Amino acid sequence: MSNFLEIKNLTKAYSAPQGGSSSLVFSDLNLLVEAGKSLAIVGPSGSGKSTLLNLIGGLDRPTGGEVLIEGKNVHQQSPEEAARFRNRTLGFVFQSHHLLPALSALENVMIPALAGHGGASGQALQNQALELLHEVGLSERANHLPGQLSGGERQRVAVARALINGPRLLLADEPTGALDQAKAESLMELLVRLNREKETTLVVVTHALSLANQMEEVWAFDDGDLKKVDS
Amino acid sequence: MRIWRIVFANLKYSKRQHLGTSLGAALASMILVGALTVGDSVRATLSYQALERIGKITHLFISEDGYFHADLANRMQAGWKGNESAQFAPVLMTQGTLASPDGKVRASGVQVLGIDDRFFDFAKDPSQAPDLEQQNFWVSPDLAHELGVKAGTRMILRVEEPSLFSRDAPLSGERDARFVSWNRPFGGVLNSSQLGKFSLRASMEPVRTLFAPLSLLQEDMFVNFDPVEERTDFANLLLVLTNESENILEENMERVWTLSDAGLEIKKLQSDDTWSLRTRSVFLSDSIVNRAEEINPNLQGEFTYLVNAIRKPVRGQDLNTSMIPYSMVCGVDSGVEGLFSADWKDDQIALNQWAANDLNLSLGDQVAWSITPLENAENYCKAHIHLRLEKYCRCLKKLILGKRAIGLQGSRA
């Protein structure tokens, strides 16, 4: 299989205010992820997991090195290209669901398609959203507002929303962080299942090793270095 | 789903917050708009009232030092030099009390304006000028409302006679004030278009003004004011209507203005090359003294005052000794005119030879003299003062002593 995601010598440091010495998060990270693989990145808080995920998703810019997705440098695009790239290629799931409280679960799922970067629209979009909700087990709750859903259900809606544009890479940043153990495991099973069924490359950041072990590969931050954990 | 669905869904979902925000914004807007409207309205009202009070007047000359000759307006008009035309009108402004002959109607603290026909050139509608030849009294709308009398009713106006010097001076006592009165018919009301609300006060209080012919007031008010020239044509306001700048106005005024307008006189003394600057107002104001000192820094001030009596005190029988009644005392600075040495003390005095002979005084003798204390200023002098005769003085007819001896160093003379 070809390398879908390629990270080369990636370095990130945050400059200190008022001219102080900069704070190095990590340096010279290298990582290869094949298309359709599932990958977990673990590590203690502050080790750089979310920073790495933000760099992969183009939400932040690296201090050095590059991130290539399907051979395209994520950080060498114009703002318009980057927006289209994120909308069409990437799906994000965050620790908090970030659903709009005024819209139903179905409407929340359809929101990314409204950005106008192509894809389904109209009834086709609605059908696609309903299908995704069915896949995450919420077809009966499509017309419920987020306030009428449980925490786990909201996060499932967030997963469905991340998949509406058919992304080839799904980035999940601590998706189970706000859930209890049972719901966390259920959500991870869902992600794994979607990864297999849709062949969506999955990168999950978590600090729970038990959940990470459900991924095909586990990488861990160790003192600023990223090392593969033998299963 | 369209983008508007998100907008409306959010509006509906957060309707309470949006309603509260909208009501708050509406309330704040109403308050701001109301405040601005009221502010504009008040500003416009104040502006309107101010314009009603000053009419077309663009500039005003006020005599700080008393009164000037009313023909200054004629001279300004005749000698006017400027690109724009100008109109002038003299006004006599004072205060008085208005009453009906039977005493049933009475208004005190009334602003009294002596005007002539030129005054109405500054009104919004000069064509509505009343006939001042009838020598009637006219009043402002507010005063007419207060009096409630009909045209033709006779009214008595009582005005204090102008003093020779400022009422602020310590010598000015109300017990000595004299009043002038007129009994004239009430002519009617001057409305705002006739400049009937003329006032220089920045106040919202009613304008209580009586208008009378300028000549009528002048002839009686100033009958004792100028005993030398016996002129009565005085005024204390000069109204101006012109589009010229203040600089041009001041240039014209400087060209026309005379010392006589300010009640000043420069006279060469007979005895030597000394010149004196005198005022009909008794006291020279600080502004005049300052100006004079700018021109000649070597000016010497002099204060002359009435002495009730000078006598030689004899122990045990002070009141029975010979004395000189009603003489004059003159306070000068030490060293002036070569009279005194630099070490001249404040308890030393010089008398002319005649006075010394009359009182049988020798050098070193004590001299007693008495003066009337200044009104409300007892601390400024003593009624009875004992000084030592130091020098005979032939050249002066006055008693001479250091200025500080009579405690009047604060008065500029």
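For the numbers below, each heavy atom of this structure counts, side chains included, while hydrogens, waters and symmetry mates do not. Values in this document were obtained by computation on a predicted structure and should not be read as measured data. Below, chain A is the first sequence line, B the second, and so on; all start at residue 1.
- Side-chain contact check for A/L163 versus A/V136: every heavy-atom pair is 4.5 Å or farther apart.
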Checklist line | From CA spacing to verdict: side chain to side chain contact (heavy atoms under 4.5 Å, CB included), A/V203, A/I41 | finding: CA-CA 7 Å; A/V203 177; A/I41 299 173; 3.9 Å; yes

What would the table of donor-acceptor pairs between chain B and chain A look like if you include every N and O pair under 3.5 Å, whether backbone or side chain?
residue	atom	partner	partner atom	Å
B/R5	NE	A/E107	OE2	2.5
B/R5	NH2	A/E107	OE1	3.2
B/R5	NH2	A/E107	OE2	3.1

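- Of the two parts of B/I6, the backbone and the side chain both hold a non-hydrogen atom closer than 4.5 Å to a non-hydrogen atom of chain A.
- At least one donor-acceptor pair closer than 3.5 Å links the side chain of B/T58 to the backbone N or O of B/T242.
- You'll find the side chain of B/E294 reaches within 4.5 Å of the side chain of B/R291, heavy atoms only.
- For B/Q194 (side chain) and B/D125 (main-chain N/O), no donor-acceptor pair under 3.5 Å exists by modelled atom type.
- Under the 3.5 Å distance criterion, with hydrogens and angles disregarded, no donor-acceptor pair is assigned to the side chains of B/S140 and B/D142.
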